[in-house]
Amino acid sequence: MNYRFQNLLGAPYRGGNVVITQNTQLISPVGNRVSITDLLKSQTITLPLQSSSNIRRIAASPDGTFLLTVDENHRCHFINIARRVILHRINFKNTVNALKFSPDVGPNLAVSGVQEGIFAFELVRTIADCEDTVTAIDWSLDSKYLLLGSKDLTARLFCVEKLKDGILNKPFLFLGHRDNVVGCFFGYDKKNTSKVNNVYTITRDCYIFSWGYTGNNDDNFDENDGGNSEPASPGTPERDGEGNVDSGSEGNVKKRKDFDGKDGGEEGYLHKRKWELLRKDGFMQSPAKLTACDYHRGLDMVVVGFSNGVFGLYQMPDFVCMYLLSMSREKITAAVFNEIGNWLTFGCAKLGQLLVWEWRSESYVLKQQGHYFDVNCLTYSPDSQLLATGADDNKVKVWTVSSGFCFVTFSEHTNAVTALHFMANNHCLLSASLDGTVRAWDLFRYRNFRTFTTPSSRQFVSLAADQSGEVICAGTLDSFEIFVWSMKTGRLLDVLSGHGGPVHGLTFSPTNAVLASSSWDKTVRLWDVFEGKGAVETFPHTHDVLTVVYRPDGRQLACSTLDGQIHFWDPIDGLLMYTIEGRRDIAGGRLMTDRRSAANSTAGKCFTTLCYSADGSYILAGGSSKYICMYDVADQVLLRRFQITHNLSLDGVLDFLNSKRMTDAGPLDLIDDDDSDAEEGIDKQTRGKLGYDLPGSMPNRGRPIIRTKCLRIAPTGRSFAAATTEGVLVYSIDESFIFDPTDLDIDVTPEAVEEALDEDQPNRALILSLRLNEDSLIKKCIFSVSPLDIPVVASSVPYRYLQRLIEAFSDLLESCPHLEFMLRWCQELCKAHGNSIQQNSRNLLPPLKSLQKAITRIHQDLADTCSSNEYMLRYLCSSTNK
């Protein structure tokens, strides 16, 4: 199956800066990927591009077409956002702390004080005047001037252009700061928006400096003179009291000639003017530090974020506080205006939180937060529209797969969530936790309507429910028992004992009431829950059994063991059908602390999660590795390996460690030689610092290890999701470049399809397009059929092309505006082939689920629109009666 990466859920933001393009497109780095959120459509996508490590800085071109990303390894990607391709790569020698495009059309950008030419990355100029790391960059509107803030407690104003001969191109220094400059911005005249009239510099110790120029270009202006004194004019002849030129000052006249010849062109250059400090204002947030800021030149407003989670909005130049609010208790790592200035965007790297706030109406435009710790489990809803995730942060989140947004978070659990299960009615979600409870959640009212407990406290690690939804079962970690409850009453019905180890796998047969459980006691047991007979059959293994799953038709059982094998059992006859040896397939990746190479290491060479495809023809397997393996069940061969990440910031990605980075004290990456203040910038990987600073808590200093904890395929079979260290990766089938004809012949060509359409033979054209299996041609032939001919054409379609036709309908319903036409097609197809569909429901189940998903979504949208219109009409009628 040709799956490709589609989206990343569960982690909207991980650190770095965020940018807004085209006023509504929010671009944020997520680990080594880039996520783009459409704030109008409420939809987020993750670009299918990866950097070599976590992205540190991003910058977007003014028109929103191009994007620059720089990661922790100083590697830069130049990306076309619309085409989602990398156009160019470049490596910088040092860490990039600031990155910004120039506002004009020309291809200039500034990178920590370095100006670049985009397409060939030609180095135009290097500015090396700063004494320490450059932390902030701002361009003037005409792209002639560059304002740099630095850790050397200064801001510098540079002229980027080459000046006339004889004029020194030295920057103007803004001095007087007592801490690092976090942001520096040009201020513009409100009447003449292109004229720079002041400069704002913002420091880490919560102060903002407002600078203005006096209008005189002389650098020797004596501020100690009286109010009536004039500034000195070098080269100007002295005059007596009546205004006549003093004859004794001929030397000065000659000197003025020389002065005019060299420096007469300085007039008009911003960095040659006399700037002075107009005012210095404090944000009064001590002892917190200022960590993020932005300036909007049109509104003349400043937004700032602090390390204590407080953000403020101030009107300049009078420094009037408009808002001072708190979004969390953690450090705000990003604060930015959109182009109009009505939306404020804030990011908190430690919480994985993104917030877009409309400050005029005081309302949220976007509020998304990922899981604080790794995702442990996930499950699809029966219609494949929703995805639920549970994590070590005790929370259960439900996401809309199509938009990538989380719409509800349940936080009633008091310990890690270990298992999830959607009920068949699509509106009830079950979750099991180490806190000793199994909770049922109502997705209509968003509440916990039932809690299942045990007489004595237990830790649950697995969960299952039968097809009818009447019985709930959960396996324990500590007592090795399986508890059975009634869904209706919440009463404990039975306790199944017999396992001698933690019950980590639990699943009901799709066709009958047989429960399968796997345990670390090297057995898989089948239980008859309703008859109360206990264990009816036991399948022994030579190693600990980690997980167990049923094939969708209930005629096969798959389980993985600690030695890296996958065993396939016939649950009816109790016979071992196949065995797949997967140790070599999942092997790969060496940890920084490993003493052995990846090839010789035995750690992690086993599958901890399994999942059958919707038709049961292949199986997905994942574990403590960077790979997800796809096997063909009938032939027991490896079809494909998905590498879930190339992020070198995670441990276990490299197969071979670089010997140059090995020292006497251990690997260089594990030595903490960072002496900078924790408050400045962003932490390398905030999740790696959570509770791992205690001695002996983690041997690799909390460096995250890549692994796959849970795999689930959508009931439609069109996508699958993987709970990994980086978040929830969603892969979907890519049909854009596949030529896979079903019944190809020498006469079956695109020309033959076009000829049949020209001859007004839609029936023949549709069958030819289905044999050719070309998506665009199939859709064209569907639309060529008139509504009156739909019943005749639908009845003439052979059964073997039915699956492909239903897939085309489900795809068209997602985007096609001809709703009645498509529903008529579906209705006539079901009338003509209802018998065949019912008899072959197993093979047609994935496309039928896709069709149901599309129709359900359209029904929900129409229901919301009709309800809104109905309420509006009622209101209008009641108001006219009055």
Side-chain angles (χ1 to χ4, degrees), residues 377-384 386 388 419-430 432 462-475 482 484 487 496 503 505-518 524-531 535-537 539 547-560 566-575 577-578 609-621 631 633-634 710-721 803 837-853:
C377 51
L378 55 87
T379 182
Y380 273 99
S381 62
D383 62 358
S384 301
L386 306 178
L420 292 169
H421 181 80
F422 256 108
M423 301 298 284
N425 61 8
N426 209 53
H427 305 304
C428 176
L429 174 67
L430 299 174
S462 55
L463 181 66
D466 71 325
Q467 293 298 309
S468 64
E470 296 179 0
V471 171
I472 309 298
C473 299
I482 301 171
V484 184
M487 182 66 185
L496 306 178
V503 185
L506 210 58
T507 178
F508 265 100
S509 169
T511 54
N512 51 41
V514 175
L515 175 70
S517 63
S518 66
V524 171
R525 294 174 184 261
L526 300 184
W527 311 80
D528 193 334
V529 177
F530 288 95
E531 296 295 330
V536 295
E537 193 151 8
F539 302 145
T547 186
V548 62
V549 287
Y550 260 108
R551 200 168 70 180
D553 62 354
R555 296 182 179 180
Q556 194 178 79
L557 195 68
C559 59
S560 67
I566 303 176
H567 301 273
F568 296 91
W569 295 85
D570 184 344
I572 300 173
D573 299 331
L575 300 176
M577 302 172 66
Y578 320 112
T609 176
L610 298 174
C611 185
Y612 271 103
S613 63
D615 57 359
S617 60
Y618 59 90
I619 192 168
L620 284 172
Y631 292 99
V633 176
C710 188
L711 280 170
R712 290 292 181 269
I713 292 183
T716 60
R718 310 287 294 173
S719 62
F720 74 87
Q803 180 175 351
I837 292 173
Q838 195 168 7
Q839 292 174 2
N840 300 274
S841 57
R842 182 195 160 198
N843 296 330
L844 294 176
L845 189 61
L848 288 173
K849 287 273 189 182
S850 299
L851 190 64
Q852 180 194 12
K853 173 186 173 183

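Just so you know, residue 1 is the first one in the sequence shown, and it goes up from there.
Put simply, the side chain of Y380 does not reach to within 4.5 Å of the side chain of I713, judged on heavy atoms. Residues R525 and L496 fail the side-chain proximity criterion, which asks for heavy atoms closer than 4.5 Å. Put simply, the side chain of H421 does not reach to within 4.5 Å of the side chain of T379, judged on heavy atoms. With a 4.5 Å cut-off on side-chain heavy atoms, W527 and V484 do not count as touching. Considering only heavy atoms from C-beta on, L526 comes within 4.5 Å of P571 through its side chain. Side-chain contact between F422 and D383 is absent, with no heavy atoms from C-beta onward closer than 4.5 Å.
Taken from CG in L506 to CG in L515, the straight-line distance is 4.5 Å, to the nearest 0.5 Å. With values rounded to the nearest 0.5 angstrom, S517 atom OG is found 10.5 Å from F508 atom CZ. One finds the OG atom of S617 at 15.5 Å from the OH atom of Y631 (value rounded to the nearest 0.5 Å). Rounding to the nearest 0.5 angstrom, the gap separating the CD1 atom in I619 from the CD atom in Q556 is 8.0 Å. Taken from CE in M423 to OG in S468, the straight-line distance is 7.5 Å, to the nearest 0.5 Å. Rounded to the nearest 0.5 Å, atoms NZ (K853) and CG (L848) are 14.5 Å apart.
In this structure, Y578 and F568 have perpendicular ring planes: the angle between them is above 60°, well past the 30° mark.
P382 and A424 get closest at one heavy-atom pair: CG-O, 3.8 Å. Of all heavy-atom pairs spanning A614 and P552, the tightest one is O-CG, 3.5 Å. Between T511 and G554, the shortest heavy-atom contact is OG1-CA, 4.2 Å. Nearest heavy atoms, Y550 versus A516: CE1-CB, 3.7 Å. For S462 against A432, the heavy-atom pair with the smallest separation is O-CB, 4.4 Å.
The main-chain N or O of A714 is never found under 3.5 Å from a side-chain atom of S719 such that the two would form a donor-acceptor pair. Remark: side-chain polar atoms of T609 are paired, donor with acceptor, to backbone N or O of L711 under 3.5 angstrom.
Among residues two or more places apart in sequence or in another chain, the side-chain hydrogen bond (donor to acceptor under 3.5 Å, both in side chains) test is passed with N512 by S509. In this view, S518 and V524, V545, V548 satisfy the side chain to side chain contact (heavy atoms under 4.5 Å, CB included) rule, not counting sequence neighbours. For T716, there are no side-chain hydrogen bond (donor to acceptor under 3.5 Å, both in side chains) partners two or more places apart in sequence or in a different chain. Contacts of F720 classified as ring-ring contact (aromatic ring centres under 6.0 Å, His included), with partners at least two apart in sequence or in another chain: Y3, F642, Y731. The ring-ring contact (aromatic ring centres under 6.0 Å, His included) search around Y612 returns none, not counting sequence neighbours. The side-chain hydrogen bond (donor to acceptor under 3.5 Å, both in side chains) search around Q803 returns none, not counting sequence neighbours.
Screening I482, D466, V503, T507 for a side-chain contact (heavy atoms from CB on, under 4.5 Å) with C473, the sole residue that qualifies is I482.
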